[in-house]
Amino acid sequence: MSSRDVQIAPSVLPADFSRLGEECVALEKAGVDRIQWDVMDGVFVPNLTFGPDVIKACRHHVEVPFEAHLMVVNPDDLAHQYVDAGCEILIVHAEACTHLHRTLANIRELGASPAVALNPATPAAAIAHVMDLVDLVLVMTVNPGFGGQAYIETMEPKITEVAKMIEFTGRDIDLEVDGGIGPATVAGAAAAGADVLVAGSALYRDPDGLEHAVSEIRALAEAARS
Ligand code: DX5
């Protein structure tokens, strides 16, 4: 089991897009560890979201790190724009990269933390030869494109497989999960090996507010790992 601290990385996909700066402030006040921007190009996934300027406009409102989840067909062309916008971590999809090894190395060259995401159908073996290049692996627990989808429990063995791959490297690599994470599902993902939890809908639908939602998910994840 990973000895890494549990981290909460909210997705701002369900946030009020007319007040994103204020929404980032509210998330930071609620105790999140970083903020995830779900960048979608309408081609890799059937939805269109945040350009770099939107993220740049929010950057100075908060101190927490920004991570860009690049659900795009051309991450090589866009990476520098999201680094310039203030994203410290860039997550590319293995499925979108013809030359994944080069793409990850280029992100490191840009001064950001390289990270790779796996769609539900993509085996962990797809990243076996880039584990020396990444600081984070994201195992998708939904098919990307939309928030509010059901958690795919059959991803748990893959989470554990990636956790073992990370352990074998001896490197300090985050294991992140994204999709359908909430009070009813976080324990399974954490017990399987996840230490960074992306949640969107579960945070915003909590009747007791963001701070309660963040602390509840964190507590449930920590309990599942102990
Ligand atoms: C899918 C998105 C969502 C989002 C979180 O492309 O990446 O997984 O971040 O959505 P919820 O937490 O609402 O499932």
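Counting starts at 1 for both ligands and their atoms, following the listed order.
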For [atom], what is the closest protein heavy atom, and at what distance to 0.1 Å?
| atom | value |
| --- | --- |
| atom 12 (O) of ligand 1 | G200 N, 2.7 Å |
| atom 14 (O) of ligand 1 | G180 N, 2.8 Å |
| atom 13 (O) of ligand 1 | S201 OG, 2.3 Å |
| atom 5 (C) of ligand 1 | D178 OD1, 3.5 Å |
| atom 10 (O) of ligand 1 | G147 CA, 3.6 Å |

Suppose I only count heavy atoms of [X] and a 4.0 Å limit; which atoms of ligand 1 are within that range?
| X | result |
| --- | --- |
| P144 | 1 (C), 6 (O) |
| M71 | 6 (O) |
| M40 | 6 (O) |
| V142 | 8 (O) |
| G179 | 8 (O), 14 (O) |

Is it true that the side chains of D38 and T49 contain a donor and an acceptor less than 3.5 Å apart?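 No, no side-chain donor-acceptor contact under 3.5 Å.
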Over 60° means perpendicular and under 30° means parallel, so classify the ring planes of W37 and F50, tilted if in between.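 Perpendicular, since the angle between the ring planes exceeds 60°.
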Closest non-hydrogen atom pair, G182 against A202: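 Looking at all heavy atoms of both residues, the shortest contact is CA-CB, 3.6 Å.
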At their closest point, which heavy atom of E95 faces which heavy atom of A117, and how far apart are they?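 For E95 and A117, the tightest heavy-atom pair comes out as OE1-O, 3.8 Å.
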Compare V45, D38, L203, V177 and give the one whose heavy atom is closest to atom 2 (C) of ligand 1.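 The option holding the nearest heavy atom is D38.
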Should one rank P10, P14, G148 by closest heavy-atom distance to atom 11 (P) of ligand 1, which comes out on top?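 Ranked by closest heavy atom to atom 11 (P) of ligand 1, first place is G148.
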Taking only Lys NZ, Arg NE, NH1 and NH2, and the carboxylate oxygens of Asp or Glu, determine whether R108 and D135 approach each other closer than 4.0 Å.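 Salt bridge present between R108 and D135.
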Salt bridge check, R59 against E88: does any charged N sit closer than 4.0 Å to a carboxylate O?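 Salt bridge: yes.
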Kindly confirm or rule out an N or O of [X] lying under 3.5 angstrom from an N or O of ligand 1.
| X | result |
| --- | --- |
| G145 | yes |
| I181 | no |
| A199 | no |

So do V186 and E216 actually touch side chain to side chain, heavy atoms under 4.5 Å?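 E216 vs V186: side chains apart.
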Mind checking side chain to side chain donor-acceptor pair (under 3.5 Å) for Q7 and listing every partner two or more places apart, or none if nothing turns up?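 For Q7 the side chain to side chain donor-acceptor pair (under 3.5 Å) partners, ignoring immediate neighbours, are R34.
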Given C24, which of V62, V32, V64 fulfils the side-chain contact (heavy atoms from CB on, under 4.5 Å) condition?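 The side-chain contact (heavy atoms from CB on, under 4.5 Å) with C24 is passed solely by V62 among V62, V32, V64.
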Can A202 be said to touch ligand 1, with heavy atoms closer than 4.0 Å?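 The answer is no: ligand 1 sits nowhere under 4.0 Å from a heavy atom of A202.
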Following the transitive rule for hydrophobic clusters with a side-chain heavy-atom cut-off under 4.5 Å over Ile, Leu, Val, Met, Phe, Trp and Tyr, establish whether I173 and L100 coincide in one cluster.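 I173 and L100: one cluster.
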